[in-house]
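All remarks here apply to the structure that follows.
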Amino acid sequence: MPDARLESRLGGLPGRSSATETGTKWAAISAFWREYPHLMRKRALDALEAMSSARPLREDAPARAGESLGSARAHDSLLADLTDAQREAVITTEGPLLILAAAGSGKTRVITRRIAYLLAQGVPAWQILALTFTNKAAGEMRQRVEQLLGEDGGDAGAPRGLTISTFHALCARLLRRFAPLMEGRPGWSLRADYSIYDSDDQQSLMKRVISEAGLQTSNWPPRTILAGVSAAKNRLQGPSDFAEMAKQSGDFFARTTARLYESYEKALRQANAVDFDDLMLLTVRLLRDSEEARRQVQERWRYLMIDEYQDTNHAQFVLSTLLSVGAVAPDGRTLPPNICVVGDPDQSIYGWRGADISNILEFEAQYPGTKVIALGQNFRSTAPILAAAGALIRHNKRRKHKDLFTKRPGGAKPHVILCADEHHEADVVLGWLKGLIAAPSEGEPPPTWKDMAVFYRNNFLSRVVEDALRRAGIPYIVARGTAFYQREEVKDALAYLRLIANPADEVSLRRIINKPARKIGNSTIARIENFAAAERITLLEAMRQVERAPGLTTAAGSAVRRFLSLIDAWTGGGSFLGQGVPESLADLVGRVLAESGLEAHYKRTSEISPGDEEGSDKYANLRELVSSARDFEEEYDAAADPAQERVGADAAPPPLLAMLRAYLESVSLVADADTIDPAAGAVTLMTLHAAKGLEFGAVAIVGLEEGLLPGQRAMEAQDGVEEERRLCFVGITRAMRHLLITSAARRTSRGLIERTIPSRFLDELPKEQIEVVDRSEEFGEAHDELEASGWGRSAADRRPARRASNGSASSGGSTAARSTGKAPAEAPFPVGAKVRHPQFGVGTVASFQGRGVNLRAVIEFRDVGTKTLVLQYARLQQVE
DNA sequence: TTGCGATCCCTTTTT
DNA sequence: GGGATCGCAA
């Protein structure tokens, strides 16, 4: 420990954040404790006292910080190459611990060492629970722990019983295991064979719910409703709580959402399915309501660690309180829980998804006696890059101030290049990447493609960059949208499997009932549906009684029966026993693919359009699914399957069915981010969100423009810009040695060329630490010509005055999103004008909103009421 | 019932 | 520019 400099221990309580938010948070917490007094721990005073005695209160507790240092050789190697602060974080094993781990401060290293240290202290592996947000993070953590243990000459390989899992996977397991305990409770209808719906499934379900409620999906977009539902679930609000809230606010939209939430929930339960948010919400309910489940969970896990704590939402916060109950000391006192959270408020970028940054800002207040350790030394980036990141993030108001620092001198200045348009921008990025390869800096390892990444705010920005890279023959991978298990053909196959595992799963049934086409068309389905509704039976059950359904032709009836016999052949009529039933999972998957006709269907479509790479991939993907099932089968350990440890009275499911359920669960919880593979020999393209937790030698961030970064919607939300700034900060701090930031003066969006305003974040970078080059005039002529040739409107119409392009004014200027009583200059007609819409008829223009291509008119139609229309699309005609 | 083409509407970020 | 939906023809 050569460096005596202490960077740890931010003393005292965090600066007060907004008083109201703190207030509601506390109200929620105290209401929670009031409701569940049996969970009540000895509160602040007791806890503080216990902490201040600063020695183990339990016989078997590991020694506290410092006392046993150096006593065991294993510890030396675990602690050797750590800073003082890092070491402190590793050896503080007891009580609540908050580790503020700045970007690049060796967070993962600390967590994995801490787990290894706990094990070395003799803590049984099964008492340790580490939670992450992605499978990838969990996998890496496990791997690195195994590595550490291997090096130490201990038993190599995974310590049995150590739980490192994502929140979602943990909840899925707990629900599957403990669902039988909840059977028969009012309002609980989930069985252990439930399906997990991803966002596609959610949407198709919500679509149906909306139309069954007699509403138009055009007026009530499923996405928007689902966002409201998701937010409610993240706050642990059920349909009735939400309805109550909506009633009080008197908001029509909220009231309708509440109604749809209730029906959606009913439909989910009918399908014996849960969505992602339910996993958390229902687990909280389970642990609150079932004493038995709670006892088992709390007796097992004694050391809880949570990674990326700044991204937890309210449900996850409550879940963590339920999982982390302090042990009882020999003298009968309750000890503070051993909960260790790691995070960085400056990297909180999931507020829009319900992440509650106050969970980390107020951790100390929530857990009295918390020890706080700040890791501020950065081991990743060069000084100029850190300076840029630090200068940017200092513009955030709501923030615990802390500066990143590095001990390594030198490094190239980050480049900022202003480009003419997005094609120019892509060329600039391309040239920069090539330049790094061609002329590597001295004293650095020569960079390769895999050390480089391009980040952007929105997925659609990747296209132009992709095109440029492809043309230049540079290998690249896009970490994007469609993970393997989300692809159309794979989801089709999984839908068959899910139907087998959970016959109530209507979303899956509807997906594949006529795919590939087997003459069960919409009218047939509608008739069966009516029959099912009348008889109050599931869709599948209605199909089984198809001869009783009215109005069906014999041809339709036999098509339905053929479908059913297909399913029954795979499952042995549901028993999974007897002749002809597949013996292995891979066997089952293979037969489903072949006999359903899916395989032939996709093989055929790939032969029809052989030029289509996507098409021919689909068949290969289906084959790939079979081998994924085989892999799963080999690794599957029935004894370790939580669903196999029966806690209720039910008989165990047939082994194949149990394995199938476990398989489906595992594939449902795979996310896009998990597929990112920095080891591939290619430039990585990804969103800024996906970049969190990664690092690259060289990073380019494109599209630094108002409306893009910060994004339009974020700018309208409260504290939205601060989150966007953090997002930008995350991007910058991924870069180890080289950083390029670009913006384009013009950008084509929705087929229209638009002038842009450089992002305010560019102004916030430290001028003397970066190199700015303005190349936005290059190629200007060519594009002006193009621009002038296109559209019916005059050039002036399409050019909203560019506000102080370089400027100081960018912060104060009012963005024109608000509705105005006056018509903007580019509006084709004045307020009060009479217009005709092809569909809505005649109306009067009340006001305008937005500008440029987003210029919208609020029009009071004579017949259909008030509508807000985007002028560019509305095809309005002025009438005299 | 199926499949294709015209047409409408729109663009965050993801477990 | 593109994805989803709808209507129409076979």
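Numbers restart at 1 for each chain; the letters A, B, ... are given by sequence-line order, proteins then strands.
- Remark: C1' of dT15(B) and CG of Leu170(A) are 14 Å apart, rounded to the nearest angstrom.
- Place Gly521(A) and Leu727(A) on DNA chain B by their nearest nucleotides, and Gly521(A) ends up nearer the 5' end.
- An OP1 or OP2 oxygen of dT2(B) is reached within less than 4.0 angstrom by a side-chain nitrogen or oxygen of Asn514(A).
- Checking the phosphate oxygens (OP1, OP2) of dT14(B), a side-chain nitrogen or oxygen of Thr687(A) falls inside 4.0 Å.
- Backbone-only engagement by Ser523(A) is indicated by non-hydrogen atom pairs under 4.0 Å involving sugar-phosphate atoms exclusively.
- The CG-P distance, from Asn234(A) to dT14(B), rounds to 16 Å in whole Å.
- Residue-level contact check: Phe133(A) touches the backbone only, with heavy atoms under 4.0 Å from sugar-phosphate atoms and none from bases.
- Phosphate contact (OP1/OP2 of dT15(B), side-chain N/O of Asn135(A), threshold under 4.0 Å): absent.
- When the P atom of dT15(B) is taken as reference, atom CD1 of Ile349(A) falls 11 Å away, rounded to whole Å.
- Using a 4.0 Å heavy-atom cutoff across all strands shown, Thr166(A) reaches no nucleic acid atom at all.
- Ring orientation note: the planes of Trp220(A) and Phe253(A) are close to parallel, at an angle under 30° on the 30°/60° scale.
- Atom name P, nucleotides dA4(C) and dT13(B): the rounded distance is 14 Å, in whole Å.
- Classification of Asp201(A) and Arg511(A) as a salt-bridged pair fails, no side-chain N sitting under 4.0 Å from a carboxylate O.
- Judged by distance alone, the side chain of Asn359(A) and the main-chain N or O of Thr312(A) form a donor-acceptor pair under 3.5 Å.
- Atom pair Phe460(A):CZ and dG3(C):P shows a separation of 14 Å (rounding to whole Å applied).
- Of all nucleotides listed (dT15(B), dG1(C), dT12(B)), dT15(B) comes nearest to the side chain of Arg353(A).
- As rounded to whole Å, 16 Å separates atom C1' of dT14(B) from atom CD1 of Ile196(A).
- Each of dT15(B), dT2(B), dT14(B) was ranked by its minimum atom distance to the side chain of Thr134(A); first place goes to dT15(B).
- Atom CG in Leu688(A) sits about 10 Å away from atom P in dT14(B), given to the nearest Å.
- Two residues, Ala714(A) and Ala556(A), neighbour DNA chain B, and the one matched to the more 5' nucleotide by heavy-atom proximity is Ala556(A).
- Glu425(A) has a carboxylate O that lies under 4.0 Å from a charged side-chain N of Arg747(A), or vice versa, which qualifies the two as a salt bridge.
- Residues in residues 223-234 of chain A take part in these side-chain hydrogen bond (donor to acceptor under 3.5 Å, both in side chains) pairs, two or more places apart or across chains: Ser230(A)-Asp277(A), Lys233(A)-Glu265(A), Lys233(A)-Asp275(A), Lys233(A)-Asp278(A), Asn234(A)-Asn313(A).
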Heteroatom pairs (N/O) under 3.5 angstrom, protein to nucleotides 4-8 of chain C:
unit_1 : atom_1 : unit_2    : atom_2 : d
dT5(C) : OP1    : Lys207(A) : NZ     : 2.5

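- Residues Glu723(A) and Ile357(A) have side chains not in contact (no heavy-atom distance under 4.5 Å, counting atoms from C-beta outward).
- Side-chain atoms of Arg463(A) lie closest to dG1(C) of the nucleotides dT12(B), dG1(C), dT15(B).
- Nucleic acid contact class of Tyr350(A) (heavy atoms, under 4.0 Å, all strands): sugar-phosphate only.
- One distance of note links NE2 of His168(A) with CG of Asn135(A); it measures 9.5 Å at 0.5 Å rounding.
- Regarding Asp277(A), its CG atom lies at a distance of 15 Å from the P atom of dT14(B), rounded to whole Å.
- Of the possible donor and acceptor atoms, none in the side chain of Arg746(A) sits under 3.5 Å from a partner among the backbone N and O of Asp421(A).
- If you check dT1(B), dT15(B), dT12(B) against the side chain of Thr524(A), the one that comes closest is dT1(B).
- Note on Arg713(A): a side-chain N or O is less than 4.0 Å away from OP1 or OP2 of dT12(B).
- In this structure, NE2 of His168(A) is placed 13 Å from P of dT14(B), rounded to the nearest angstrom.
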